Protein chains: 2
Amino acid sequence: MSRDKIRELFKSRGIKNTQQRHLIYEFLSRKKQPITAEEIYMVLLKKEKTKMNLSTVYRILDTFTKKGLVQKSGINIEGKSTYEINHMDHRHHLVCTGCNKIIPIKGCPLEGYESYLGETTGFEILEHHLEIKGICPDCQKETNGKDK
Amino acid sequence: MSRDKIRELFKSRGIKNTQQRHLIYEFLSRKKQPITAEEIYMVLLKKEKTKMNLSTVYRILDTFTKKGLVQKSGINIEGKSTYEINHMDHRHHLVCTGCNKIIPIKGCPLEGYESYLGETTGFEILEHHLEIKGICPDCQKETNGKDK
DNA sequence: ACGCACATGCAAACTATTTGCATTTGCGTT
DNA sequence: AACGCAAATGCAAATAGTTTGCATGTGCGT
């Protein structure tokens, strides 16, 4: 997404275009995996020459979340929340319990189920989070050799 | 579940039967909803005449989780983790964003999907967590009157 | 009933996240 | 292009959930 597209996006949502916000949004939109606030902070510290405070990262993520640009992913890594771009194409992930690798899943297995659920419960269904855990092929190999 | 059943269960899993563990297990097995460690602590403080430390609650939940008796539910309430009895009949919940009410869902919409996913990704699928959010009938009524 | 390993209580440590306040920055206006 | 104000950021300190070290207490096999 180009620099100007992001500016426009921000403007359309009433988000002031600051350097920090721009960097975080750009970074997140390239990421295919949910990521923690701290990781964002670290990467931006190293890669970009900007300095940015960790609390700013949290505040920006919060702003983005409220404006619908980003969402908390529901996947917690060692007690830390993770965030990802709010893909308009609804998406889920498969998390490896061995190495924490995260891969996106194509398609949503709950298509159609939500409306059924809404009808049977009377709830107005808003959203869902699905997290599937497993052991990735790489870690399966490793485990065969060791006993851990 | 009777007192003795729980003792047996503990014994079969190598869990020493203490008063605190018993109380927590009994309480959790009656609960139909995931609950936070703090809530467990509060309820047991009030209802039972036992005193129990919050850190003990955490430790017991941890033990239970490792032994497979309990699981972290994946639903976080205001930043707090929630726990529930590990129902052998795999279960999901519907959470109301208005009042935090949680209701269990009958059946799992992912039946069958896991094996498909395992085949297509090479992952060995272990488990999944599904959280669905919506507005319950009660809160839907309320919202119609107010503007919040 | 005894003794030991394990569980608990208590307080302090940790860690992720939030917040108050002074300073800086973006952006509409002149 | 400069000005001014509201909003954003940096910094440090506060919160809050969870964990941990250590002294004491308790379950359970002998």
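Just so we're clear, the structure is a prediction, and the values are computed from it rather than from any experiment. Note on naming: letters A, B, ... go to the chains in the order of the sequence lines (proteins, then strands), and numbering restarts at 1 for each one. Side chains included, hydrogens not; waters and symmetry mates left out as well; all remaining heavy atoms used.
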Length of the line joining [X]:[atom1] and [N]:[atom2], which is rounded to integer Å:
X: B:Y58; N: C:dT15; atom1: OH; atom2: P; value: 16 Å
X: A:D62; N: D:dA8; atom1: CG; atom2: P; value: 12 Å
X: B:E78; N: D:dT18; atom1: CD; atom2: P; value: 12 Å
X: B:L44; N: C:dG9; atom1: CG; atom2: C1'; value: 16 Å
X: A:R21; N: C:dT25; atom1: CZ; atom2: P; value: 15 Å
X: B:K80; N: C:dT18; atom1: NZ; atom2: P; value: 14 Å
X: A:I77; N: D:dT18; atom1: CD1; atom2: P; value: 18 Å
X: B:K11; N: D:dC28; atom1: NZ; atom2: P; value: 8 Å

*Verdict with reasoning, B:H128 to B:E114, per side-chain hydrogen bond (donor to acceptor under 3.5 Å, both in side chains)*: CA-CA 9 Å; B:H128 65 257; B:E114 287 198 345; 2.3 Å; yes

Close N or O pairs between protein and nucleotides 23-27 of chain D (under 3.5 Å):
| from | atom 1 | to | atom 2 | distance (Å) |
| --- | --- | --- | --- | --- |
| D:dG27 | O3' | B:N17 | O | 3.2 |

*asked:* Can you pull out the residues from residues 33-42 of chain B that lie within a 4.0 Å heavy-atom distance of DNA chain D?
replied: none

Using the salt bridge (Lys or Arg N to Asp or Glu O under 4.0 Å) criterion, which residues pair with [X]? Sequence neighbours excluded.
X: B:K67; result: none
X: A:E127; result: none
X: B:K11; result: none
X: A:E131; result: A:K133

In chain order, what residues pass the side-chain hydrogen bond (donor to acceptor under 3.5 Å, both in side chains) check against [X], with sequence neighbours excluded?
X: A:H129; answer: none
X: B:T63; answer: none
X: B:S81; answer: none
X: A:K66; answer: A:D62

Enumerate the protein-to-nucleotides 10-12 of chain D contacts in which both atoms are nitrogen or oxygen and the separation is below 3.5 Å.
| from | atom 1 | to | atom 2 | distance (Å) |
| --- | --- | --- | --- | --- |
| D:dG10 | OP1 | A:Q20 | NE2 | 3.4 |
| D:dG10 | OP1 | A:K51 | O | 2.9 |
| D:dG10 | OP2 | A:N53 | N | 2.9 |
| D:dG10 | OP2 | A:T56 | OG1 | 2.5 |
| D:dG10 | N7 | A:R59 | NH2 | 3.2 |
| D:dG10 | O6 | A:R59 | NH2 | 3.0 |
| D:dC11 | N4 | A:S55 | OG | 3.3 |
| D:dC11 | N4 | A:R59 | NH2 | 3.3 |

*Are the aromatic ring centres of A:Y58 and A:Y83 under 6.0 angstrom apart?*
no

*asked:* So for the helix from C:dA1-D:dT30 to C:dT30-D:dA1, with five pairs setting each end axis, what is the inter-axis angle to 10°?
replied: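 Inter-axis angle at the ends, rounded: 40°.
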
_Crowding at NZ, B:K101 (>12 non-hydrogen neighbours, <6.0 Å)_ =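 More than 12 heavy atoms, drawn from other residues, nucleotides or ligands, come within 6.0 Å of this atom.
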
*asked:* Checking A:T36 against A:T82: is there a side-chain donor and acceptor pair closer than 3.5 Å?
replied: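 Side-chain D/A pair, A:T82 to A:T36: absent.
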
_B:E84 bridged to B:K31 by N-O distance under 4.0 Å_ =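 The answer is no: the pair does not qualify as a salt bridge.
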
